[in-house]
Amino acid sequence: MLKRSHLHVASLPFLSFMLAAWVYPRPAQAQDDGSTQIWLDYNPRWTWPSGLSLYGDVGVRTELNENGWGRIVVRPGVRGPIGRGFDLSGGIGGFYTANELAADRLEIRPFQGIKTTWPRKALPLDHYVRLEQRFEFETADWRVDASLRVRYRLQTQVRWEGLRPGAHWRLIGHIEGFLTLTGEAGQFDEKVRIGLGVERGFGPVWRVRVDVTWQKVGTLISGAPTDDVYLRVRVFRDWLR
């Protein structure tokens with residue numbers, strides 16, 4: 001049996017808005033104007049009593065459409081508290097995309113971010129701002145597209161605690177915006193994402209999360225921005241040092 005915890009009534013309107021925005025009917029598009037994708041990744045994290053943590057994700061992503069692409073992702077990072085209520089993070093991402101209709105592309109992406117939760121009681125909202133330096137190489141001639149991008153994610157959750165320590169269920173709503181400040185955006189130029197996720201915690205060590213997300217994204221292959229939907233399955237493994 002589960003007991004309800006961290007469930008704030010004021011969060012429910014925000015979650016309702018997230019759901020309505022995701023399911024709101026959008027103009028029909030031709031099949032080539034969007035894609036369906038699956039993302040799978042493993043997320044380890046090592047945390048010290050000071051709050052410092054080493055984390056990352058290793059995963060694969062694939063487009064299910066005909067002549068789609070496949071992508072390998074490796075993204076280590078470090079996060080730690082800075083002052084009251086703020087966490088600073090940084091790391092580097094590696095993305096290799098194998099394309100059917102174009103040359104493969106390799107992207108190296110350093111990033112820096114800051115995260116806080118405000119307000120914390122009546123309507124707990126997580127705010128995460130991340131700055132990314134993107135260096136994307138076309139493997140046919142190793143020409144590089146360089147750009148600077150900022151992204152902002154707003155997230156809230158409803159959580160039910162289990163009987164065992166760390167066991168829980170979570171319902172998570174999130175919306176994220178992207179803005180390229182300078183340079184060429186590369187193969188994928190995300191505009192906005194809206195998603196809902198369900199997480200199951202099996203204790204203090206293992207968690208599994210499933211997200212369904214809609215995104216507006218521009219690509220070099222399709223030209224104009226398209227509507228994509230992806231299913232993301234994430235496995236988390238935590239170590240306390």
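This one's a predicted model, so the numbers in the text were calculated from it and none came from an experiment.
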Looking only at heavy atoms, which two atoms of [X] and [Y] are closest? And how far apart?
| X | Y | answer |
| --- | --- | --- |
| P124 | R120 | CB-O, 3.7 Å |
| G173 | L196 | CA-CD2, 3.9 Å |
| R75 | G93 | CG-CA, 3.9 Å |

I'd like to know if [X] pairs up with [Y] as an ion pair, taking the criterion as any Lys NZ or Arg NE/NH1/NH2 lying under 4.0 Å from an Asp or Glu carboxylate oxygen.
| X | Y | value |
| --- | --- | --- |
| D87 | R79 | no |
| D238 | R207 | yes |
| R234 | D41 | yes |

Using the ring pair (Phe, Tyr, Trp, His ring centres under 6.0 Å) criterion, which residues pair with W206? Sequence neighbours excluded.
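Not a single residue meets the ring pair (Phe, Tyr, Trp, His ring centres under 6.0 Å) criterion with W206.
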Does R61 make a cation-pi contact with W39 (under 6.0 Å, within 45 degrees of the axis)?
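Yes, R61 sits over the ring of W39.
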Six-ring centre of F111, R109 cation under 6.0 angstrom, axis tolerance 45°:
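Here R109 fails the 6.0 Å and 45° test against F111.
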Using only atom types and a distance under 3.5 Å, with no angle test, would you say the side chain of [X] pairs donor to acceptor with the backbone of [Y]?
| X | Y | value |
| --- | --- | --- |
| N65 | T36 | yes |
| T139 | D104 | yes |
| S147 | G183 | no |
| H174 | T156 | no |

Find out whether [X] and [Y] are in side-chain contact, i.e. whether some heavy atom of one side chain is under 4.5 Å from a heavy atom of the other.
| X | Y | result |
| --- | --- | --- |
| E107 | R134 | yes |
| S35 | Y230 | no |
| D145 | R105 | yes |

Might you confirm whether atom CD1 of I72 has over 12 heavy atoms from other residues, nucleotides or ligands at distances under 6.0 Å?
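Not buried by this count: 12 neighbours or fewer within 6.0 Å.
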Assess, by modelled atom type and distance only, whether the side chains of [X] and [Y] contain a donor and an acceptor separated by less than 3.5 Å.
| X | Y | answer |
| --- | --- | --- |
| T213 | R193 | no |
| N99 | Q187 | yes |
| D57 | Y42 | no |

Residue pair S89, Y128: steps toward the side-chain hydrogen bond (donor to acceptor under 3.5 Å, both in side chains) verdict:
CA-CA 10 Å; S89 61; Y128 182 37; 3.2 Å; yes
Got a sec, which pairs hit salt bridge (charged side-chain N to carboxylate O under 4.0 Å, His left out) with one end in residues 163-181, sequence neighbours left out?
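Qualifying pairs: R151-E176, R170-E199.
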hydrophobic_cluster_shared for F86 and L125, side chain cutoff 4.5 Å
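Hydrophobic grouping puts L125 with F86.
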When the aromatic ring centroids of W239 and W46 are compared, is their separation below 6.0 Å?
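Yes, they do, as the ring centres are separated by less than 6.0 Å.
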For Q133, check side-chain hydrogen bond (donor to acceptor under 3.5 Å, both in side chains) against everything at least two apart and list the hits.
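side-chain hydrogen bond (donor to acceptor under 3.5 Å, both in side chains) list for Q133, sorted by chain: Q112.
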